Protein chains: 4
Amino acid sequence: MARERKFSDEDLFLATKELLLNHGYEGFTFGLLAERLKVSRSALYKYFGNKEELIMEFMMYEMDQFMDKLRKIDDYDDFEDQFNYLLELMMSHRNIHQLIEIGRHVPVNNKKMEEKNKKLDGLHLNMYQSLVGFVGLGKKEGKLKPHIPDTLIVGYILQSFLVPNLAQIPHSEWVQSMKEIIRDGMFTDDN
Amino acid sequence: MARERKFSDEDLFLATKELLLNHGYEGFTFGLLAERLKVSRSALYKYFGNKEELIMEFMMYEMDQFMDKLRKIDDYDDFEDQFNYLLELMMSHRNIHQLIEIGRHVPVNNKKMEEKNKKLDGLHLNMYQSLVGFVGLGKKEGKLKPHIPDTLIVGYILQSFLVPNLAQIPHSEWVQSMKEIIRDGMFTDDN
Amino acid sequence: MARERKFSDEDLFLATKELLLNHGYEGFTFGLLAERLKVSRSALYKYFGNKEELIMEFMMYEMDQFMDKLRKIDDYDDFEDQFNYLLELMMSHRNIHQLIEIGRHVPVNNKKMEEKNKKLDGLHLNMYQSLVGFVGLGKKEGKLKPHIPDTLIVGYILQSFLVPNLAQIPHSEWVQSMKEIIRDGMFTDDN
Amino acid sequence: MARERKFSDEDLFLATKELLLNHGYEGFTFGLLAERLKVSRSALYKYFGNKEELIMEFMMYEMDQFMDKLRKIDDYDDFEDQFNYLLELMMSHRNIHQLIEIGRHVPVNNKKMEEKNKKLDGLHLNMYQSLVGFVGLGKKEGKLKPHIPDTLIVGYILQSFLVPNLAQIPHSEWVQSMKEIIRDGMFTDDN
DNA sequence: AATGAATGAGCGTTCATTCAT
DNA sequence: TATGAATGAACGCTCATTCAT
């Protein structure tokens, strides 16, 4: 009944992600996105009323996917297992923070946007609570140092994965070392 | 006799720094900068051929200053002292990474730019080498775990300073905890 | 058997009229019209090659209807009766002028359009002649001042109804006063 | 110290006036105006922050000029003289109403605009009061029919000047006839 | 050395119009 | 017949950049 679409939602969100990560919120333009998808700029407006809406929608799509996986952390009872699962997850969703940070730049003007913003905030809260729950468990089990602020622990775990692997160390070795630093620091024991 | 300049390089670089940190690369405009310096936009072109050039020039100025301080790390013979000095330094120049990150956004088109870009890369290298030197010392003294890649150690330390202090933990406590994580990790000893 | 049309010409022209009066020529869009008729924008193109054509077509439809009524003026032999009929008619079709005025904004590009434009001009001429006939009768009967140009008389009658009733004077009083001015002016007799 | 301007404010306001009258508020574009003045669109933004501002500024310029002249009506003590003066004035500023009407379409968003809007409203009020004063004098002198609403009298006079002189009747004759209709109507005395 | 004037490219957005189903 | 997909021109607006004084 109508022509076939030239790009799928997945195509679009994938392109959006890359552009957003490479250019930031201000640097992300419909022109760039359209070029990438090989459509006209105006075609994008069929699906998203405006730039903010597009980015918000993308944000939610991305967060939803991430949260689905993050929630699985509760499948593990043992803290140690949760820790391993979490690190793997963060590693494979390395850029989620940058995206969240970029998301903060999106201005919120009208009501529709406000709604979406709330939903997004809800997801953030969910994420935060998952992690705080995890830290709480770690402290209760006597695994995590009790005197270190929760937010710092969470922040460190999240931030770690943004360290660029400039020297191209093999993945498994890199992750292994990273885990070790996070757990026991970079100093030898006899300090 | 020529007229006197209405603004000094220091004025200019200081203003550039603040604007860059507050607005990001895309949000930084000659208009904003000119307003801040109380000159016309066009006046800026007398000193910097274009926006990228200005930012590059600023980057180098900033890096130079930072490197001067970083090189002082060699005044300390003891690794432990170097470590403390480094953390303090990074803490008080926290935004150097943001600036470097912003620097990555600058597009490189022509030859003049390429030249400056190379020089800037040189400074990065200097920085890296200072730090690698520091890591080498640590390893030689048996303080740092020998099997962890140097770049990860350096990267991890640098990245630490980007963890946002969302919960507004007091500065000294925050730094103290950071040091502890870096040295001994977030896990308790009996793991 | 072909599908049945989802909207009638009357629907369409009615919607067009309201939109045109409320939004003006530039503010009138196919999107608005389609939404009103609950069809897709593109469906409209089956019936009207383009926006101008649609508006022209509408104009003619509207004029036709108006002319049907205007021609009834000849049912009255007496000038006085014609005068009253005319005023009532104008009052209840007040917006015909606005529409004509809007019609003047329609650009005429191609040949098809030119044709329709001519036909529309013909209708205007008809209207004008009806009114000139009316004026002629008035002058012959010695009711209208003979030395005042016909076009001014006609123009005045048409234009009068566009005076906005800002102070919300009750309708009947307003019309009554209007008639009086048109007939005998706003000055008292002893001038 | 800087290049000479390619157009004066008068040029600009004149062009604005014509475009506004021919295309209406929506149809008036910076593109059109720039083309007319043989400058780039963006050049206009040096002088007017946005479209509304430009139009408002123009409105005030136009109104100011008009009000200067309208206020002179009080130089005449006699109603008859005021009447003549008024008609001449309106004739030479025929389109002031269309402009006012167009001015009503300008959306008012921010504070700067609100201010200007208020000033413009003030001018409208001035105009209205000048005319109501004039009508009052006419009624007091027994020249104007007392039972006809003031707003109708004012509106009728203003509207008169919008009657198009389609048949190209010579100016003086046209004005003469207009005066007569306004004063004594279009009907002969013996009605 | 510094300025205001002017330009052109590009952005976000809207809309008439065309195309393929 | 009717539709959703797609396009391209234009609009309002911003900004880096150039020009003439």
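It should be emphasised that the depicted structure is a prediction, and the values quoted were computed from it without experimental measurement. Just so it is clear, the values below take in all heavy atoms, side chains as well, and ignore hydrogens, waters and symmetry mates. Letters A, B, ... mirror the listed sequences (proteins, then strands); counts begin at 1.
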Closer than 3.5 angstrom, by distance alone: can the side chain of C/Asp11 be matched with the main-chain N or O of C/Phe7 as a donor-acceptor pair? no
Between D/Asn50 (side chain only) and D/Glu53 (backbone N and O only), is there a donor and an acceptor less than 3.5 Å apart?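 Yes.
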So which pairs with a foot in residues 25-46 of chain A pass ring-ring contact (aromatic ring centres under 6.0 Å, His included), sequence neighbours left out? A/Phe30-A/Tyr45
Atom [atom1] of [X] to atom [atom2] of [N]: distance rounded to whole Å?
X       : N      : atom1 : atom2 : answer
A/Tyr25 : E/dG12 : OH    : C1'   : 10 Å
B/Glu26 : E/dG10 : CD    : P     : 14 Å
C/Phe30 : E/dT18 : CZ    : C1'   : 13 Å
A/Phe48 : E/dT14 : CZ    : P     : 15 Å
A/Asp9  : F/dA5  : CG    : C1'   : 14 Å
A/Arg5  : F/dA5  : CZ    : C1'   : 9 Å
B/Leu19 : F/dC15 : CG    : P     : 13 Å
B/His23 : F/dC15 : NE2   : C1'   : 14 Å

List for me each residue that meets salt bridge (Lys or Arg N to Asp or Glu O under 4.0 Å) alongside D/Arg94, sequence neighbours excluded, and say none if there are none.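 Salt bridge (Lys or Arg N to Asp or Glu O under 4.0 Å) list for D/Arg94, sorted by chain: empty.
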Does B/Asp64 have any salt bridge (Lys or Arg N to Asp or Glu O under 4.0 Å) partners at least two apart in sequence or in another chain, and if so, which?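 B/Asp64: no salt bridge (Lys or Arg N to Asp or Glu O under 4.0 Å) contacts found.
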To the nearest 0.5 Å, tell me how far D/Phe48 CZ sits from D/Leu54 CG. 5.5 Å
Let me know, please, whether D/Lys6 or A/Thr29 comes out on the 5' side of the other along DNA chain E by nearest nucleotide. D/Lys6
Do you know the tightest heavy-atom contact between [X] and [Y]?
X        : Y       : value
B/Ser40  : B/Ala34 : C-CB, 3.8 Å
C/Leu37  : C/Ala15 : CD2-CB, 4.3 Å
A/Ile102 : A/Gly24 : CD1-CA, 4.3 Å
C/Ile100 : C/Met59 : N-CE, 3.9 Å

Closer to the 5' end of DNA chain F via nearest nucleotide, is it D/Phe28 or B/Phe28?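 This one resolves to D/Phe28.
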Mind running a 4.0 Å heavy-atom check of residues 49-58 of chain D against DNA chain E and sending the residues that fall below it, in number order?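 None - not one residue of the stretch has a heavy atom sitting under 4.0 Å from the strand.
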Within residues 31-47 of chain A, residues whose heavy atoms come under 4.0 Å of DNA chain E: A/Arg41, A/Ser42, A/Tyr45
For D/Glu115, does the CD atom have more than 12 heavy-atom neighbours from other residues, nucleotides or ligands under 6.0 Å away?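 Not buried by this count: 12 neighbours or fewer within 6.0 Å.
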Terminal axis angle for the helix from E/dA2-F/dT21 to E/dT21-F/dA2, five pairs an end, nearest 10 degrees: 30°
If you go through the side-chain atoms of A/Arg3, does one of them form a donor-acceptor pair with the base of F/dA5 closer than 3.5 Å?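 Donor-acceptor pair under 3.5 Å: yes.
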